[in-house]
*Asks:* 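What follows is a structure written as structure tokens; I'll ask about it next.
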Amino acid sequence: MSETSTAAGRRIESLLDANSFVEIGAAVTARATDFNLSAAQTPSDGVITGYGTVDGNLVYVYSQDATVLGGSIGEMHARKVAHIYQLARKTGAPIVAMIDCGGVRLQESTDALNALGRIFRNQAMASGVIPQITAIYGNCGGGLSILPAMSDFILMESKKARLFVNSPDAIKGSNVDKLDNTTAAYQMEHGHVDFAGSEEEMATRMRELLAYLPLNNEDEGASENCGDDLNRATAGLASMTGDAHAMIQTISDGGQFFEVKPAYGKSIVTGFMKLNGYTVGVVANDDDALMARGFRKAAKFVAFCDSFNIPILTLANSTRFAGTVCTENNMPEAASKFAYAYASATVPKVTVVAGKAFGSAYVLMGSKAMGADIVFAWPDSKIGIMDAGSAAKLLESDADKIAETKEAFDKLQDGVASAAQRGYVDAIISDADTRKYVIGAFEVLYTKRENRPDKKHGTV
């Protein structure tokens, strides 16, 4: 095929199944004539668009060609992209954007700006209907940075890709020597990008991600034959408390886990796992002190899962909010967004209290009060307003009685049995039985239906 002669075409072929790509709009060229643009050669107007398959499933794709006017966006370029979005939405298939763009085409002025707006609008219409993945291979700057931000997942080439609103030298008081805000490492650290690597690694990661995702919001979801024992014991899981990655991989089918935004908001781990062959979104603590960035990450992830009917597993082990200036300034808004996303989600929601769950941190991390359908807890878990030692010091003025009060508080208030007696925990299970109980819970909840108040949308 002709597109293999360019990097843009090779990127498409590296993603799709062999010989599956069908190009659309190959004959389109720029129609503007200002500033002698008509004399320039603009094959496909700088973007290859079409469809193909990944593991046999339909996927739409467009790939910008930096060899044609720098891959810049003009009227016809954007019209092709918008058409691909419309087709993807109509047919219910994911779309992958491959960005290598010099910006909005200067020679086309307001025509180019209007065209860019059409892309944004089509992205908005597709949001929550089909999965959107953006891969950045070269430049993506200025207003173009909104394009990946409106997608669900973003990948960047680790060496050559650049993502920015303003370049380093255009930021007041900064320059590239002080801070290069365009790099993949910077964007990963600040939560704008999910994965960075070579072009080959990006193609592999996109194929892996697509294998976890449904085709659209009405699809039953990605599933595969489960070769793992559904009743496999997860003995020793309790010893992994504090290592969310190890816990998730121990519970999941074959240790499969696709993490989302691993370099950002590390107090909470988010990603996709397989249970009985079905995709499940997981939210877990990697630190008992929760931070605002973790909640921001988790809120967006939960909203995505709910949009595409992906069940949510929460592994709760949280005692407090981190005591930092950043947390103090950002926690209320970040935590409220997570609370709203979780409470609003109508997908099956299962929680395992895997350690300590105290105070508001406990409430937010998948409690019954927030809408969890089924809550499990391990026998040695602690659930309450605070740990018994701190509570005893507040309740007892006599220093000689603090130890006695601590023991009583631990039994009456913090013990998992107390929470179970009040119905806040559905079953107390051993850590070894966690996998089979979680799988069983999701099977029971498979046909869950839950209505929400009739409204246009929330405001949180």
*Asks:* If I compare all heavy atoms of M370 with all of L364, which pair ends up nearest, and what's the gap?
*Replies:* CG-CA, 4.2 Å
*Asks:* Short question: side chain of K297, backbone of K261 - any donor-acceptor pair under 3.5 Å?
*Replies:*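 Judged by distance alone, yes, a pair lies under 3.5 Å.
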*Asks:* Say whether, by atom type as modelled, one donor and one acceptor occur between the side chain of N309 and the main chain of E218 under 3.5 angstrom.
*Replies:*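 No, the answer is negative, given that no donor and acceptor are paired below the 3.5 Å cut-off.
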*Asks:* Ring centroids only, cut at 6.0 angstrom: are F164 and Y186 within range, meaning strictly under it?
*Replies:*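 So the answer is no for these two rings.
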*Asks:* Where do P131 and P214 come nearest, in terms of heavy atoms and distance?
*Replies:*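 What the structure gives for the nearest pair is CG-O, 3.3 Å.
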*Asks:* Is the backbone N or O of Q123 less than 3.5 Å from a side-chain atom of Q132, with the two atoms forming a donor-acceptor pair by type?
*Replies:* yes
*Asks:* Between the side chain of N181 and the main-chain N/O of N166, is any donor-acceptor distance below 3.5 Å?
*Replies:*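 Yes.
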*Asks:* Has the side chain of R435 got a donor or acceptor atom that lies under 3.5 Å from a matching backbone atom of D229?
*Replies:* yes
*Asks:* Is a donor from one side chain sitting under 3.5 angstrom from an acceptor on the other, for Y51 and T91?
*Replies:* no
*Asks:* Is it true that a side-chain atom of K349 and a backbone atom of Y342 form a donor plus acceptor pair closer than 3.5 Å?
*Replies:*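 Here the side-chain-to-backbone pair exists.
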*Asks:* Is any side-chain N of the basic residue among D45 and K80 closer than 4.0 Å to the acidic one's carboxylate O?
*Replies:*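 No, D45 and K80 are not salt-bridged.
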*Asks:* Under a 4.0 Å threshold between the charged nitrogen and the carboxylate oxygen, would D17 count as salt-bridged to R207?
*Replies:* yes
*Asks:* Checking T279 side chain against Y212 main chain: does a donor-acceptor pair fall under 3.5 Å?
*Replies:* yes
*Asks:* Are D194 and R205 ion-paired here, with the side-chain N under 4.0 Å from a carboxylate O?
*Replies:* no
*Asks:* Look at atom CZ of F442 and say whether more than 12 heavy atoms of other residues, nucleotides or ligands are closer to it than 6.0 Å.
*Replies:*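 Check passes, neighbour count above 12.
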*Asks:* Indicate whether any N or O donor in one side chain lies under 3.5 Å from an N or O acceptor in the other, for S318 and K356.
*Replies:*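 No, K356 and S318 have no side-chain donor paired with an acceptor closer than 3.5 Å.
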*Asks:* Strictly distance-based, threshold 3.5 Å: is any side-chain N or O of H77 a donor or acceptor partner for the main-chain N or O of S72?
*Replies:* yes
*Asks:* Would F301 and F272 count as a close aromatic pair, with their ring centres under 6.0 Å?
*Replies:*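 Aromatic pair counts; centres sit under 6.0 Å.
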*Asks:* So, does D100 use its side chain to make a donor-acceptor pair with the main chain of Q64 at under 3.5 Å?
*Replies:* no
*Asks:* When you look at V54 and L16, which way does the side chain to side chain contact (heavy atoms under 4.5 Å, CB included) test go after all the steps?
*Replies:* CA-CA 5 Å; V54 172; L16 300 179; 3.9 Å; yes
*Asks:* Closer than 4.0 angstrom, basic N to acidic O: yes or no for R452 and E450?
*Replies:*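 Looking at E450 together with R452, the answer is yes, because their closest N to O distance falls below 4.0 Å.
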*Asks:* Check whether R232 reaches the backbone of T250 with its side chain - one donor and one acceptor, N or O, closer than 3.5 Å.
*Replies:* yes
